[in-house]
Participant: 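Here it is: the structure, laid out below.
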Amino acid sequence: MATDVFRIAVEQLLALGFYEFVLPFILFSTVLYAMLRKTQILGDSIVIHAIVSMGVGLFIFALPVIIGVGIVPALTRFFAQMSILMIVLVFSFLVASFFYPNIVERLPEIVKTSGPLQFIIYMIIGVAGFLGLFSVSSDYLNYLIRISGVNFELVAMSGVVLVSLVVFLLVAMAMSKEVS
């Protein structure tokens with residue numbers, strides 16, 4: 001019987017809890033540290049950034065034990081969907097380069113002006129969010145809604161109203177730029 005070495009390695013890492021605990025800890029700590037260093041929200045101290053990112057990372061590390069909901073399916077779904085999105089973007093730029101040979105030089109001036117490209121980008125992000133592309137936290141939100149006792153329809157309607165207000169805000173900001 002032929003065995004697949006990579007399948008065995010993944011199963012062993014899964015049995016050890018690498019994907020459930022260690023990988024999310026490393027991923028979230030690294031991303032948060034990079035964001036804190038880039039934005040300088042907490043000042044420019046490397047030590048403070050490291051302590052905060054490690055603390056939040058440890059909370060993420062303990063999340064499956066505290067809440068009881070695994071993060072592995074959500075992370076796997078998120079990375080698979082983001083990989084597909086990146087492939088679509090690469091092929092979109094490839095096709096666009098047939099019509100605009102210097103697309104890399106023209107892209108900043110196309111994106112800078114408010115127009116149909118920004119509307120298309122907003123629509124793509126909206127459709128992707130509606131179809132669940134960014135559904136990393138949906139399991140946790142459903143769990144929190146269930147244990148809090150809040151009516152799910154109320155939360156859904158509040159979300160729809162909030163998204164509508166954000167869309168109106170974006171339209172108003174775009175209109176104010178065109179007027180001035």
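Just the heavy atoms: all of them, side chains too, but no hydrogens, waters or symmetry mates, feed the values below.
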Participant: Rounded to the nearest 0.5 Å, how far apart are CE of Met54 and CZ of Phe59?
Facilitator: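 So the gap between those two atoms works out to 13.0 Å.
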Participant: For Val47, check side chain to side chain contact (heavy atoms under 4.5 Å, CB included) against everything at least two apart and list the hits.
Facilitator: Ser45, Ile51
Participant: Where do Phe61 and Phe25 come nearest, in terms of heavy atoms and distance?
Facilitator: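 What the structure gives for the nearest pair is CD1-CB, 3.7 Å.
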Participant: Please list, one pair per line, the donor and acceptor atoms closer than 3.5 Å that link side chains of residues 82-89 to other protein atoms, with sequence neighbours excluded.
Facilitator:
residue : atom : partner : partner atom : Å
Ser83   : OG   : Phe79   : O            : 2.8

Participant: With side chain to side chain contact (heavy atoms under 4.5 Å, CB included) as the test, would you mind laying out the steps for Phe28 and Val56 before giving the verdict?
Facilitator: CA-CA 8 Å; Phe28 284 110; Val56 173; 5.8 Å; no
Participant: Could you give the side-chain donor-acceptor pairs of residues 32-43 under 3.5 Å, partners two or more places apart or in another chain?
Facilitator:
residue : atom : partner : partner atom : Å
Thr39   : OG1  : Met35   : O            : 2.8
Gln40   : OE1  : Asp44   : N            : 3.4
Gln40   : NE2  : Arg37   : O            : 2.6

Participant: State plainly whether one hydrophobic cluster holds both Val52 and Ile46, where clusters connect Ile, Leu, Val, Met, Phe, Trp and Tyr through side-chain heavy atoms under 4.5 angstrom apart.
Facilitator: no
Participant: The criterion is side chain to side chain contact (heavy atoms under 4.5 Å, CB included); which residues satisfy it with Phe18, sequence neighbours excluded?
Facilitator: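 With sequence neighbours excluded, Phe18 shows a side chain to side chain contact (heavy atoms under 4.5 Å, CB included) to Leu13, Val22, Leu23, given in chain and number order.
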Participant: Which atom names give the shortest non-hydrogen contact between Ser29 and Gly57, and what distance separates them?
Facilitator: OG-CA, 3.3 Å
Participant: Could you pull out all residues at least two apart from Tyr19 that satisfy ring-ring contact (aromatic ring centres under 6.0 Å, His included)?
Facilitator: none
Participant: Extract all donor-acceptor atom pairs below 3.5 Å that involve side chains of residues 163-172 and protein atoms in other chains or at least two apart in sequence.
Facilitator:
residue : atom : partner : partner atom : Å
Ser164  : OG   : Val160  : O            : 2.8

